[in-house]
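Proteins come first, then strands; the chains are lettered A, B, ... in the order of their sequence lines, and each starts at number 1. Since this is a predicted model, take the numbers as computed values, not measurements. Any value given below was found using the heavy atoms of this structure, including those in side chains, with hydrogens, waters and symmetry copies removed.
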Number of protein chains: 2
Amino acid sequence: MGEADWATADGSTDPGRACPIGPVVDLVFSRWTTPILWTLNEHGRQRYVELQRRVAAITPKVLTQRLRQLERDGLVRRTYHAEVPPRVEYEITELGRSLAPLFASLVEWSAANLDRVEQARQEYDDTPAR
Amino acid sequence: MGEADWATADGSTDPGRACPIGPVVDLVFSRWTTPILWTLNEHGRQRYVELQRRVAAITPKVLTQRLRQLERDGLVRRTYHAEVPPRVEYEITELGRSLAPLFASLVEWSAANLDRVEQARQEYDDTPAR
DNA sequence: CAGTATCCCTGGCGATACTG
DNA sequence: CAGTATCGCCAGGGATACTG
């Protein structure tokens, strides 16, 4: 909570993402990654098709893209079983699981404050002088 | 942490965002909102131009868009002073400030684990059999 | 100063079809 | 089953210029 923590090591401001949580936000909160991680964390090791069913509305292309990215980032582990038919299982890694408390905090915050947000929107929309 | 918390109240799965933190992610972690909230939280009440300078590389159009959205969501308060030249100040609200612990957790997680992510990427990229 | 207004452009996503 | 491959789109963002 320092006064100038948003400055980078070399003293210059980081253009674009002038805050220290930029990287982790890109990592965890980019599109589709949160539902995927959530599902993996909640339902344990799963096959590709199970994921596709649980993370509704995601197309196979995008699901694969995100899974590859998560695997590369070390948050998800992919296990290929050379059988017929082939079986691939995905599971969350220890590193991925370390995000669970964070997710829990997010859930807590939502439960406590999301209605306030909705209320604020209502008031904003109901104000004619804008 | 129930077994089927990703199901909505009516028993159906929520298409697209099959996890309970979907809404708060959209609210807080959509593009540009995190650096804006961070800056507002770190440097207190500021004028439009100060924000524009601190959140580097953001264009005025987008900055205004995001500020309006944050105002509507009740996370930011806008104060217009009818002077010449006009002066507008933005500050984080109590509701917005309630996100601070969350941000702090994110910073902590980054400090503890971001190097592991980088390491995982290195290993992934250095593996030829892919 | 604090924004609008306009135009443009891209990359991410969706849909669909196909394969080892 | 577990993905690729290809195509098309369009919302969101960037650049630039202008205004009360």
Side-chain angles (χ1 to χ4, degrees), chain A residues 14-18 22 25-36 39-40 43 45-73 76-91 124 129-130, chain B residues 13-19 22 25-36 39-40 43 45-73 76-91 124 129-130:
Chain A
D14 180 1
R17 298 211 147 282
V25 169
D26 287 345
L27 189 73
V28 181
F29 300 106
S30 45
R31 199 162 153 82
W32 292 115
T33 59
T34 355
I36 292 174
T39 302
L40 247 18
H43 299 276
R45 174 183 296 179
Q46 299 165 67
R47 308 178 62 164
Y48 184 86
V49 165
E50 298 180 276
L51 274 173
Q52 195 177 358
R53 204 164 320 148
R54 289 208 167 100
V55 184
I58 196 172
T59 61
K61 188 189 74 173
V62 176
L63 178 57
T64 302
Q65 279 179 352
R66 302 272 79 113
L67 283 172
R68 289 288 186 279
Q69 180 188 332
L70 290 169
E71 189 194 358
R72 189 175 105 99
D73 293 341
V76 160
R77 177 164 33 251
R78 176 181 184 269
T79 314
Y80 180 83
H81 304 269
E83 309 169 352
V84 183
R87 183 165 54 96
V88 178
E89 291 184 317
Y90 292 91
E91 60 186 324
Y124 186 95
R130 187 99 33 208
Chain B
T13 63
D14 180 2
R17 298 210 147 283
C19 78
V25 169
D26 286 347
L27 189 73
V28 182
F29 300 106
S30 46
R31 200 162 153 81
W32 291 115
T33 59
T34 353
I36 291 174
T39 302
L40 246 17
H43 299 277
R45 174 183 295 181
Q46 300 164 67
R47 309 178 62 163
Y48 185 86
V49 165
E50 298 181 276
L51 274 172
Q52 195 177 359
R53 204 165 320 148
R54 288 206 167 104
V55 184
I58 196 172
T59 60
K61 188 188 73 172
V62 177
L63 178 56
T64 303
Q65 279 178 353
R66 301 273 80 111
L67 283 172
R68 289 288 187 278
Q69 180 188 332
L70 289 168
E71 189 194 358
R72 188 176 106 101
D73 293 341
V76 161
R77 178 165 32 252
R78 176 180 183 270
T79 314
Y80 181 84
H81 304 269
E83 309 170 349
V84 183
R87 183 164 55 96
V88 178
E89 291 183 316
Y90 292 92
E91 62 185 323
Y124 186 96
R130 187 82 52 192

Side chain to side chain contact (heavy atoms under 4.5 Å, CB included) between A:Trp32 and A:Leu63, worked out: CA-CA 8 Å; A:Trp32 292 115; A:Leu63 178 57; over 6 Å; no
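- In this structure, A:Gln46 CD and A:Arg54 CZ are separated by 4.5 Å, a value rounded to the nearest 0.5 Å.
- The CZ atom of A:Arg68 sits 18 Å away from the P atom of C:dG12 (whole-angstrom rounding).
- If you take CD of B:Glu50 and C1' of C:dG3, they are 16 Å apart, rounded to a whole angstrom.
- To the nearest 0.5 angstrom, A:Ile58 atom CD1 is 9.5 Å from A:Thr39 atom OG1.
- At whole-Å resolution of the value, CZ in B:Arg47 and P in C:dC1 are 7 Å apart.
- Here the side chains of A:Leu40 and A:Leu70 are not in contact, with every heavy-atom distance at 4.5 Å or above.
- A:Leu67 places its CG atom 8 Å from the P atom of D:dG3, with the value rounded to the nearest Å.
- For the pair A:Arg78 and D:dG3, the criterion of a side-chain N or O lying under 4.0 Å from OP1 or OP2 is met.
- The distance between atom CD of A:Glu83 and atom P of D:dC1, rounded to the nearest whole Å, is 13 Å.
- Between A:Leu67 and A:Tyr48, some side-chain heavy-atom pair lies under the 4.5 Å cut-off.
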Using Watson-Crick and G-U wobble pairs whose two distances are both under 3.5 Å, how do you write the pairing of DNA chain C as dot-bracket, with | for links to another strand? ||||||||||||||||||||
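- Here the C1' atom of nucleotide D:dG3 and the CZ atom of A:Arg53 are 15 Å apart, to the nearest Å.
- The listed nucleotides are D:dG3, D:dA2, C:dT4; the one nearest the side chain of A:Tyr90 is D:dG3.
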Intermediate values then yes/no, side chain to side chain donor-acceptor pair (under 3.5 Å), B:Arg66 and B:Gln69: CA-CA 5 Å; B:Arg66 301 273 80 111; B:Gln69 180 188 332; 2.7 Å; yes
Where protein sits on nucleotides 12-17 of chain D, one letter per nucleotide: B base, S sugar-phosphate only, - none, heavy atoms under 4.0 Å: -BBB--
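- If you take OH of A:Tyr80 and P of D:dA2, they are 10 Å apart, rounded to a whole angstrom.
- Rounded to the nearest 0.5 Å, atoms CD (A:Gln65) and CZ (A:Arg31) are 12.0 Å apart.
- When the salt bridge (Lys or Arg N to Asp or Glu O under 4.0 Å) test is applied to A:Arg47, no partner is found at least two apart in sequence or on another chain.
- Between A:Gln46 atom CD and D:dA2 atom P there is a gap of 11 Å when expressed in whole angstrom units.
- Taking CZ of B:Arg68 as the start and CZ of B:Arg78 as the end, the distance is 4.5 Å to the nearest 0.5 Å.
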